[in-house]
**Q** 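Here it is, the structure, as structure tokens.
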Number of protein chains: 2
Amino acid sequence: MKPRLTIRDIAREAGVSTATVSRVMNSPESVAPDTRCAVQTVIDRHGYLSHGIAMSLASSRSMSIGLVIPTIINSIYASSTQAIQGIAQAAGYTVLLGVSEFSPELEEKIIRQLLERRVDGLILTGGERKRAIYDMIEANGVPYVVTWKLLPGNAGPPSVSFDNHRGGLVAMEHLIALGHRKIGLICGRSALNDRARERRRAYEESIISCGLEVEARLIHEADFELDSGRDAMRELLGLPERPTAVFCANDVQAIGALHECEEHGLRVPADISLVGFDDLPIAKYVRPQLTTIRVPAQRMGELAATRIIEALRTGGPAASAELPIELVVRDSTAAVSTRNPRGRLIRMVQSP
Amino acid sequence: MKPRLTIRDIAREAGVSTATVSRVMNSPESVAPDTRCAVQTVIDRHGYLSHGIAMSLASSRSMSIGLVIPTIINSIYASSTQAIQGIAQAAGYTVLLGVSEFSPELEEKIIRQLLERRVDGLILTGGERKRAIYDMIEANGVPYVVTWKLLPGNAGPPSVSFDNHRGGLVAMEHLIALGHRKIGLICGRSALNDRARERRRAYEESIISCGLEVEARLIHEADFELDSGRDAMRELLGLPERPTAVFCANDVQAIGALHECEEHGLRVPADISLVGFDDLPIAKYVRPQLTTIRVPAQRMGELAATRIIEALRTGGPAASAELPIELVVRDSTAAVSTRNPRGRLIRMVQSP
DNA sequence: CTGAAAGCGCTAACAC
DNA sequence: GTGTTAGCGCTTTCAG
């Protein structure tokens with residue numbers, strides 16, 4: 001393999017100094033048109049590519065942004081990732097992708113690695129990690145932002161997110177307004193996932209503020225998979241007294257749950273109501289169409305990236321932002337019904 | 001912001017040379033236990049992170065792999081991406097992500113950028129791009145591999161993929177064996193997407209080898225979206241003589257199409273058969289469950305990453321590999337039926 | 001507007 | 001085993 005061209009080769013051939021070549025590439029306007037043109041010609045002729053690594057070392061800017069997500073398989077994270085990538089790309093930044101698989105240890109390792117790679121900024125998922133990790137990031141002077149989890153106050157880490165807790169409340173209010181009292185919960189693993197935990201907390205608070213008790217057997221935590229949602233729903237339906245509604249804290253599990261209801265011969269929403277969370281594109285393509293909480297994944301990704309890039313420009317920390325969520329009422333929720341002695345359904349309340 | 005620690009600070013404090021510190025970090029076994037321990041203590045005390053950029057420049061290895069995909073929203077690409085990321089991560093490589101949005105120009109820009117960032121290897125999606133781009137990659141001595149598109153022969157670019165064309169043939173054979181002759185096609189934009197083009201070619205060849213003619217109005221190209229699949233199906237169903245089966249060259253469009261059939265009051269597969277392509281997890285969660293071609297997205301990602309890393313070790317080009325596809329027969333396909341003069345359906349053949 | 005020169009922080013021979 | 005030293009390829013003052 002022939003040794004690659006360096007800026008010096010270009011400089012020599014164009015009869016200028018390396019500084020001038022550098023200028024032509026980075027601030028062409030500061031070079032006399034003639035010189036610029038001559039240099040550019042040589043560059044083009046050889047298809048010279050600048051050495052980004054050397055450039056980064058000399059300028060101490062890597063022009064890269066680290067992104068850490070728990071998984072990319074759940075398409076809701078794919079949305080925000082794509083948005084972040086798009087904004088970063090457009091601003092000349094490359095995204096270094098890390099996938100933590102919901103493991104705090106792996107996440108720490110990834111963050112360390114990203115910091116060693118000298119990313120200019122960092123976008124994290126969720127707000128829960130050891131204080132030492134935040135310290136490490138800050139000690140390295142790298143601006144960062146937390147997504148998918150709203151961190152209130154101006155003191156802590158900056159966050160660009162919607163409010164998971166509020167989303168949970170809105171979903172539960174909807175069910176409660178429809179008359180449901182026996183409500184199940186299917187959500188992600190709250191021990192590893194503060195988004196899931198917030199949604200669960202909203203569920204529990206809502207139950208309690210109805211004067212009811214939180215029942216452990218109505219709550220199922222599981223992985224973000226269709227099958228997990230289905231399995232959890234199967235458990236719920238096997239209960240002596242099954243819930244009349246289930247809050248599925250993400251659409252993937254909701255869709256799995258929906259199909260399990262069908263398998264059991266239950267009609268949704270006549271026999272049981274389901275509300276999801278995320279509003280994936282598929283949510284309105286299942287039958288019945290899924291009532292869900294719409295989260296601004298794309299918008300959040302765009303804004304997070306924008307805020308990081310801004311921070312890079314100003315030299316300060318990234319600014320926080322809260323994005324709105326929205327209840328999207330479709331066809332998977334209805335007023336509670338109850339079975340009469342013959343086992344046939346009687347609609348109790350009507351307020352779709 | 002206090003100036004970050006360098007290897008020299010560590011060396012000074014530990015009373016050794018920078019070379020020794022470097023050794024402790026990169027090949028600890030070559031350092032005397034006592035020294036190693038002393039140095040490590042200083043490193044830990046300060047939470048010193050090595051400067052990956054400087055390291056890369058000095059060692060001329062960036063320990064990064066560039067990945068270019070057209071989109072991350074379609075979860076089939078998310079699968080392979082996650083797999084690649086996992087393998088790379090485990091081997092100490094970071095993935096630099098580029099999303100081309102099906103634009104050749106953007107893709108070229110991204111590849112150039114990745115090359116400038118001095119990725120050690122490159123994983124591309126699809127095999128179609130200007131010869132000059134391949135030349136540029138090769139001129140830079142960067143091993144690469146094409147995924148999602150099988151490139152036959154040993155001469156051209158190495159590829160790790162399944163055979164899209166064969167997948168298309170298998171799907172069509174299935175429909176034809178069920179007696180279908182009037183078959184529609186919904187696929188991605190073949191002008192921008194050689195995977196879609198191969199699948200379309202398989203469709204056309206299959207039609208022709210049945211002694212039939214390829215009808216333009218039976219073919220719809222559109223974006224990878226649920227809505228696009230639905231819209232395309234609407235067109236097909238609006239035809240004076242509508243197809244008895246449709247080959248949807250990806251599951252996302254297939255699911256959109258499936259729901260459009262339902263909207264029209266058509267029963268799948270009694271009135272119309274649908275076969276998809278990809279076997280997304282959701283494919284068996286739609287009703288009827290989708291008959292589709294299973295592609296080894298995850299396996300392909302893993303293998304592509306593995307082959308690149310191998311190439312990095314050996315110094316040669318990456319080795320090609322072909323992965324198998326598989327027809328998964330579920331409930332969206334059945335033997336053809338036809339309308340009698342009254343417009344009512346009569347089942348012709350029976351072989352579910 | 002352009003050039004000279006001093007690094008950026010680390011690795012990798014090569015000595016000792 | 002460990003230290004010395006010369007770069008890796010570029011940017012960036014600072015002169016001119």
Side-chain angles (χ1 to χ4, degrees), chain A residues 1-40 42-43 46 48-64 92 113 115-120 140-141, chain B residues 1-40 42-43 46 48-64 92 113 115-120 140-141:
Chain A
M1 190 180 70
K2 54 181 176 298
R4 296 199 45 275
L5 289 177
T6 74
I7 202 175
R8 199 138 61 204
D9 300 318
I10 303 296
R12 190 181 317 120
E13 187 163 335
V16 298
S17 72
T18 61
T20 298
V21 178
S22 174
R23 288 186 191 105
V24 169
M25 305 200 73
N26 301 312
S27 51
E29 69 286 358
S30 71
V31 176
D34 292 359
T35 330
R36 185 198 315 161
C37 185
V39 172
Q40 192 62 55
V42 179
I43 289 176
H46 291 74
Y48 167 74
L49 294 183
S50 73
H51 195 303
I53 301 279
M55 194 173 130
S56 294
L57 181 60
S59 66
S60 49
R61 284 170 301 121
S62 68
M63 294 306 284
S64 67
Q113 198 176 103
L115 253 18
E116 289 187 337
R117 296 247 141 92
R118 288 306 187 270
V119 291
D120 291 333
N140 281 274
Chain B
M1 190 180 67
K2 55 181 175 297
R4 296 197 46 275
L5 289 177
T6 73
I7 201 176
R8 199 137 61 204
D9 300 318
I10 303 296
R12 187 180 319 119
E13 185 161 339
V16 298
S17 71
T18 60
T20 298
V21 178
S22 173
R23 288 186 192 105
V24 170
M25 305 200 73
N26 301 312
S27 50
E29 69 285 358
S30 71
V31 177
D34 293 358
T35 333
R36 186 199 314 162
C37 186
V39 172
Q40 192 62 54
V42 179
I43 289 176
H46 291 73
Y48 166 75
L49 294 182
S50 73
H51 196 303
I53 300 279
M55 194 175 132
S56 294
L57 181 60
S59 66
S60 48
R61 282 171 304 121
S62 69
M63 295 305 284
S64 66
Q113 197 176 103
L115 253 18
E116 289 188 337
R117 296 249 141 92
R118 287 309 185 267
V119 291
D120 291 333
N140 281 275

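Protein chains get the first letters and strands the later ones, always in sequence-line order, with residue 1 at the start of each.
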**Q** Restricting to salt bridge (charged side-chain N to carboxylate O under 4.0 Å, His left out), what partner residues turn up for B:R8, sequence neighbours left out?
**A**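 B:R8 satisfies salt bridge (charged side-chain N to carboxylate O under 4.0 Å, His left out) with no residue once adjacent residues are dropped.
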**Q** Does the side chain of B:L57 come within less than 4.5 Å of B:R118's, by heavy atoms?
**A**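 In short, these two side chains do not touch, never coming nearer than 4.5 Å.
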**Q** Is the shortest side-chain heavy-atom distance between B:T6 and B:H51 below 4.5 Å?
**A**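 No, every pair of side-chain atoms sits at 4.5 Å or beyond.
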**Q** Who pairs with A:R12 by salt bridge (charged side-chain N to carboxylate O under 4.0 Å, His left out), at least two apart in sequence or on another chain?
**A**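 A:R12 satisfies salt bridge (charged side-chain N to carboxylate O under 4.0 Å, His left out) with A:D9 only.
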**Q** For nucleotides 4-11 of chain D, read 5' to 3', which letter fits each nucleotide if B means a protein heavy atom sits under 4.0 Å from the base, S means only the sugar-phosphate is that close, and - means neither?
**A** B--BBBBB
**Q** Which nucleotide of DNA chain C is the first, and which the last, in the 5' to 3' direction, to come under 4.0 Å of a heavy atom belonging to chain B?
**A**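 The contacted stretch runs from C:dG9 to C:dA13.
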**Q** Kindly state each residue pair satisfying salt bridge (charged side-chain N to carboxylate O under 4.0 Å, His left out) with at least one member in residues 13-22 of chain A, sequence neighbours excluded.
**A**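 Every salt bridge (charged side-chain N to carboxylate O under 4.0 Å, His left out) pair that includes a residue of residues 13-22 of chain A, provided the two are not neighbours, is A:E13-A:R45.
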**Q** Name all residues meeting the side-chain contact (heavy atoms from CB on, under 4.5 Å) criterion together with A:S22; count only those two or more places apart in sequence or in a different chain, and write none if there are none.
**A**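 For A:S22 the side-chain contact (heavy atoms from CB on, under 4.5 Å) partners, ignoring immediate neighbours, are A:I7, A:N26.
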**Q** If you define the side chain from C-beta out and look only at heavy atoms, does anything of B:V31 sit under 4.5 Å from B:V39?
**A**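 Side-chain contact under 4.5 Å: no.
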